[in-house]
Amino acid sequence: MTDSTNKPATATPCPEREEALALHVGGDLPADEARELDEHLAGCAGCRAFLAELAADRRALEAFASRTEPVQPVAEVHRRVMAEVGTRSERRRSPSTWRWAAAAALLLALGAALLLQLLPGHSSPDPGTTGEEPTVLAEAPRAGDEEPVARAVTPTSPPATHRPPPETPETPETPSEGVAPNRPDAYEPKTVPESVIEPQPDNDNRRAGREERPDLKIQLVSDDPDIVIYWLVDMEEPADAASSTSST
Amino acid sequence: MEAIARAGAALVDEPEERGPAQRPADLRIARWITRAQRGDVEAFEELVTLHERRVHGIAWRLLGRVEDAQDAAQEVFLRLYRSLARIDAGRPLAPWLYRVTVNVCRDLGRKRRRRRSTSLEELREDTGLEPADPLTGPERRAEVADETRRMLEILDGLPEKERTALVLRDLEGLSTAEVAEILGSSPVTVRTQISRARLKLHRSRRELHRRSTSQNAAPQNTTQDTSSTSRRQP
């Protein structure tokens, strides 16, 4: 047998070092073990000779690898594979057409969803901001709220009745004083039949009660049903009142 | 509308990039995989072209005959085609391919009796082996063929797992960690298999050298090959 070293393989290593030497020749020993083995090799001729033989084996393997890389058989594999795949792919058409259609349908669906959001009647009721509300009653700040939200009460609205269970009915005397018979329910702003006064961007209750009304009842509501505050605004104030901003 | 459709198609086409650590080659392969998963045959062919030499090389070195290696490589790529939907485009494809190659070769090797080329002509036909230097004389060509045949015999005589580990590490140049991933073993186990394979390779070469030395000393019959059949070890 010829190899690049032309030496007979006769080295005798330390038996317990054989596996480590076999790994070391390919650089497969962990670094600390490699260092330790190198120190041993410095003083052991048998292991050094054995390592050299292993290195010759490795060169023979590399030569074998470089000689034996057939090309034509690979081309044949390629041809066979693509012939088989081509047959299979003809059975199921490329989905590129439906891919475009699916992408277009998705975009249309998203656009339709956006349009629906913008249509009137789909916005969530917000007592302080819609034009439907004449004015607002002030709500006590809830957790997370920064300022009271005012809700509207008009003179022609029906008497206030607290329909939702959390909203406790007001004390007996308060609803009757100066309250017009048709006050809306404080918690049902949508039932307010007409808007007399424009909603104000701020929630100032005094501005909410405009001069056109003879009097105005403002009801403060909160999450606590036991707490209800009514504020009656007399719009026909005597001339010596502090402010004559209200109009008759 | 056209711009929106293009943007939508771009979102559909491009695979999600996994992070800055991916090399451009990896991203390119990931794109091919994604396109092949959608039925793009050309993209699948790119994947085949990129990996076929290595797959075939591993198969040949594990099985020993070109015909068997071709069958194995073909099966590997057809399995890839059938499994495309399950392939993760974000992960390297090569370890998956090599793992399938090892499995296919193991299955094929069990079904077929391993037959080695016994003559120079058969070996050349099997390997496509041609001397690198056309001016190489017939003696040198015979020597090269002889060495090649011996190496194939030695590899054939190794236990299957050790042979596979040695082929992947020393002939294909994969790292120990890559070999461990392909074989589904730990790096420690792979290192043990590699070291044992190298030691057996060494002993086999030494034995063959001793045999050929003693044959050279006696009257020669250079065309004889005493090891016409190979034995498989588990």
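In the text below, chain A, chain B and the rest are named by the order of the sequence lines, each starting its count at 1.
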Rounded to the nearest 0.5 Å, how far apart are CG of A/L23 and CG of B/L199?
8.5 Å
Proximity breakdown for B/S175 and chain A, heavy-atom pairs closer than 4.5 Å:
neither
Hey, is CD on A/E16 packed in by over 12 heavy atoms from elsewhere, all under 6.0 Å?
yes
Rounded distance [0.5 Å steps], CG in B/L201 versus CG in A/L54
9.0 Å
Ring pair (Phe, Tyr, Trp, His ring centres under 6.0 Å) contacts in which one or both residues fall within residues 27-55 of chain A, not counting sequence neighbours:
A/F50-B/H202
Residues forming a side chain to side chain donor-acceptor pair (under 3.5 Å) with B/R198, sequence neighbours excluded
A/D28, B/D170
Quick one, A/V85 and B/F77 - any side-chain contact, counting heavy atoms below 4.5 Å?
no
Considering non-hydrogen atoms only, spot the tightest contact between B/V48 and A/V81 and give its length.
CG2-CG1, 4.2 Å
Most contacts with chain B, counted as non-hydrogen pairs under 4.5 angstrom, among A/H78, A/R58, A/E19, A/M82
A/H78
Of the listed B/E172, B/R82, B/R196, the one with the largest count of heavy-atom pairs under 4.5 Å with chain A is B/R82
Any side-chain heavy-atom pair from B/L155 and A/F64 closer than 4.5 angstrom?
yes
In terms of heavy-atom contacts, A/A22 and B/S195 come closest through CB-O, 3.6 Å
Any side-chain to backbone donor/acceptor pair from B/R205 onto A/A60? Under 3.5 Å, distance only.
no
Between the side chains of B/R203 and A/E18, is the shortest nitrogen-to-carboxylate-oxygen separation below 4.0 Å, so that they form an ion pair?
yes
Salt-bridge test for A/R80 and B/D71: reply yes if a basic N is under 4.0 Å from a carboxylate O, no otherwise.
yes
